[in-house]
Amino acid sequence: MEVRDNRPDYPPISLSAMLEEELVSIDEELQVLEIQIEELLERQQELINKKTVLKRKIKQFSDDSEAGGSQTNDSAKSWDKQDFPWSENVTAALQKTFRLQKFRSLQLETINVTMAGKDIFLVMPTGGGKSLCYQLPAVCSDGFTLVICPLISLMEDQLMVLQQLGISASSLNASSSKEHVKWVHAEMLDKNSNLKLIYMTPEKIAKSKMFMSKLEKAYQAGRLARIAVDEVHCCSQWGHDFRPDYKSLGILKRQFPKAPLIGLTATATSHVLKDAQKILCVQKCITFTASFNRPNLFYEALCIGFKAYCHDFHELSNSHFQKTVLYITVLTSLQRGWTVEHGKRLGEDSNRNEGNAKICYT
Ligand SMILES: Nc1ncnc2c1ncn2[C@@H]1O[C@H](COP(=O)(O)OP(=O)(O)OP(=O)(O)O)[C@@H](O)[C@H]1O
Ligand SMILES: [Mg+2]
């Protein structure tokens, strides 16, 4: 069928052509709609993400106020001073007793806070020098510092170093002899004692009524200088290393409220810290977090195929970097078409050292 166009100069337009034209315009409109839907979906996802972040922030604020609030790194500057009554002693102990030249970042600030009798949590990377922040104040204070430490091997390492430095320190654990326990108990109460640090596992604190009664007497006599809780993230079930006996450590702050507490960890999120603060019955505390930035480390994420892996690996392992650690996600690699044969080859490579490189599969 044809539709006549009465205008003389125009050729007749077929109905099917008109329908075709309409179809094209509908297609175009649909395309526009699809783009709009995509944009709306993107916006929807954006808003959902924002909502999640806001909810998390609101929860964090309410946790903060529940835990009594805490000061953070902002206040660190006011503690970076050398004119406190104890400053001269602290500097002398650093150089003469610990044989160190200068403080690392946040060590002086933390030491000043605990010397001022305030409670503090310090988050500092592994190897950053957290131990000095309670060992040095222990040397500069009257009486002794009680150190809660989760592992006997960690205590032994520290005791060995302290012994080499000529600092009197001891530990009490399940394998301590009766004579040794008796000696430590006597030292705790002796005002002429040189014993500066007593290391204990949380289990021992929870179980030993005798020790707690000696500690009470020492506290009343003003001999409990402070309490250090190492690996403080172990208090919280939200942390990756929860230790049930850390839960009972709240007794320390309840029974000895005037003894300043210092909690130390390399791995706590603010949520875990708040939880630990509650468990340890710390009303108000200062929290310092040292930088985890390691300027001497270079990170790069690469997405490579198997052939490229062989090639790049050789290049990387002989690269100009001093040491290279290659973390390779095997599952993702297999999903990307790496075969079982490739897997076998990866297995052979795993944990192998080659040149400057070590390969780890995760
Ligand atoms: N100011 C300093 N100057 C030089 N070396 C330091 C200083 N403070 C600490 N160190 C050294 O850093 C090393 C690591 O210290 P420490 O064991 O206290 O680390 P850490 O933060 O407790 O780590 P981890 O999380 O593994 O327990 C030790 O050998 C210590 O002597
Ligand atoms: Mg440590």
Side-chain angles (χ1 to χ4, degrees), residues 73 76 79-82 84 86-115 120-141 145-171 173 196-202 226-236 239-243 245-246 249 261-270 272-273 276 280 286-297 325:
N73 278 15
W79 293 101
D80 180 18
K81 287 182 190 160
Q82 305 257 29
F84 291 106
W86 52 83
S87 291
E88 222 171 280
N89 271 351
V90 162
T91 311
L94 177 77
Q95 288 162 1
K96 291 192 186 130
T97 312
F98 288 90
R99 301 170 207 163
L100 297 171
Q101 295 304 308
K102 56 184 172 66
F103 287 113
R104 286 185 182 158
S105 169
L106 287 181
Q107 282 182 325
L108 176 64
E109 292 86 333
T110 306
I111 287 169
N112 282 334
V113 170
T114 189
M115 287 299 286
I120 178 160
F121 279 6
L122 173 65
V123 186
M124 192 183 257
T126 297
K130 293 183 283 295
S131 320
L132 188 78
C133 299
Y134 59 83
Q135 289 172 345
L136 193 149
V139 170
C140 294
S141 305
T145 293
L146 175 68
V147 186
I148 314 297
C149 192
L151 295 173
I152 292 175
S153 58
L154 286 180
M155 288 183 196
E156 283 172 352
D157 284 352
Q158 296 214 13
L159 288 175
M160 203 175 66
V161 175
L162 290 167
Q163 197 184 3
Q164 282 165 1
L165 295 171
I167 299 165
S168 176
S170 191
S171 70
N173 56 58
K196 286 291 157 202
L197 295 123
I198 301 174
Y199 283 79
M200 287 191 77
T201 52
R226 65 183 47 76
I227 300 160
V229 182
D230 209 359
E231 314 294 346
V232 74
H233 59 272
C234 295
C235 288
S236 171
H240 57 87
D241 222 356
F242 172 59
R243 292 276 297 262
D245 285 306
Y246 265 75
L249 294 180
L261 183 142
I262 171 168
L264 309 111
T265 177
T267 57
T269 61
S270 71
V272 167
L273 282 182
L280 293 175
I286 294 175
T287 303
F288 289 159
T289 304
S291 168
F292 279 68
N293 179 30
R294 306 276 293 269
N296 58 336
L297 292 186
V325 181

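Start at 1 and go down the list; that is how both ligands and their atoms are numbered. Residue numbers run from 1 in the order of the sequence given.
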**Prompt:** Which heavy atom in P137 sits nearest to a heavy atom in S141, and how many Å separate them?
**Reply:**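 So the two residues come closest at O-OG, 2.6 Å.
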
**Message:** Measuring only between side-chain heavy atoms, which start at C-beta, is Y134 closer than 4.5 Å to T114?
**Reply:**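 They are not in contact (no side-chain heavy atoms under 4.5 Å apart), so the answer is no.
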
**Q158 vs D230 side-chain heavy atoms within contact, under 4.5 Å** =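 Heavy-atom side-chain distance check passes, below 4.5 Å.
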
**Asked** Protein heavy-atom contact under 4.0 Å for atom 29 (O) of ligand 1?
**Response**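 Under the 4.0 Å cut-off, atom 29 (O) of ligand 1 has no protein heavy-atom neighbours at all.
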
**Prompt:** Less than 4.0 Å between atom 7 (C) of ligand 1 and some protein heavy atom, yes or no?
**Reply:**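 Protein heavy atoms within 4.0 Å of atom 7 (C) of ligand 1 - there is at least one.
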
Starting from [atom], locate the nearest protein heavy atom and write down its residue, its atom name and how far away it is, to 0.1 Å.
{"atom": "atom 26 (O) of ligand 1", "value": "T126 CG2, 3.1 Å"}
{"atom": "atom 31 (O) of ligand 1", "value": "L100 CD2, 4.9 Å"}
{"atom": "atom 14 (C) of ligand 1", "value": "G127 O, 3.5 Å"}
{"atom": "atom 12 (O) of ligand 1", "value": "R104 NH1, 3.2 Å"}

**Request:** Could you tell me whether ligand 1 has any atom less than 4.0 Å away from a heavy atom of K102?
**Result:**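 Contact check K102 vs ligand 1: positive.
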
**Prompt:** Judged by non-hydrogen atoms, does M124 sit under 4.0 Å from ligand 1?
**Reply:**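 Contact absent.
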
**Prompt:** Partners of D245 by side chain to side chain contact (heavy atoms under 4.5 Å, CB included), sequence neighbours excluded?
**Reply:**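 Side chain to side chain contact (heavy atoms under 4.5 Å, CB included) check on D245 returns P202, E203, A206.
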
[X] neighbourhood, listing ligand 1 atoms whose heavy-atom distance to it stays under 4.0 Å:
{"X": "P125", "result": "21 (O)"}
{"X": "S131", "result": "16 (P), 17 (O), 18 (O), 22 (O)"}
{"X": "G128", "result": "19 (O), 21 (O)"}

**Asked** More than 12 foreign heavy atoms under 6.0 Å from CD of Q95: is that the case here?
**Response**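 Yes, the 6.0 Å shell around CD holds more than 12 heavy atoms from other groups.
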
**Message:** Test side chain to side chain contact (heavy atoms under 4.5 Å, CB included) on L264 and V232; report intermediate values, then the result.
**Reply:** CA-CA 6 Å; L264 309 111; V232 74; 5.8 Å; no

**Option whose closest heavy atom lies nearest to atom 21 (O) of ligand 1, chosen from Q101, E231, K130** =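 When every heavy atom of Q101, E231, K130 is considered, K130 comes closest to atom 21 (O) of ligand 1.
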
**Request:** Ignoring hydrogens, just give me the one of G129, A290, S105, C133 whose non-hydrogen atom is nearest atom 19 (O) of ligand 1.
**Result:**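 Ranked by closest heavy atom to atom 19 (O) of ligand 1, first place is G129.
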
**Message:** For the backbone of G128 and the side chain of R104, can you confirm whether one donor and one acceptor N or O come within less than 3.5 Å of each other?
**Reply:**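 Yes.
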
**Criterion side chain to side chain contact (heavy atoms under 4.5 Å, CB included) on R99 and L165, from CA distance to verdict** = CA-CA 8 Å; R99 301 170 207 163; L165 295 171; 4.0 Å; yes

**Request:** Using side chain to side chain contact (heavy atoms under 4.5 Å, CB included) as the criterion, point out the one residue from M155, M200, E156 that pairs with S171.
**Result:**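 Single side chain to side chain contact (heavy atoms under 4.5 Å, CB included) partner of S171 among M155, M200, E156: M155.
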
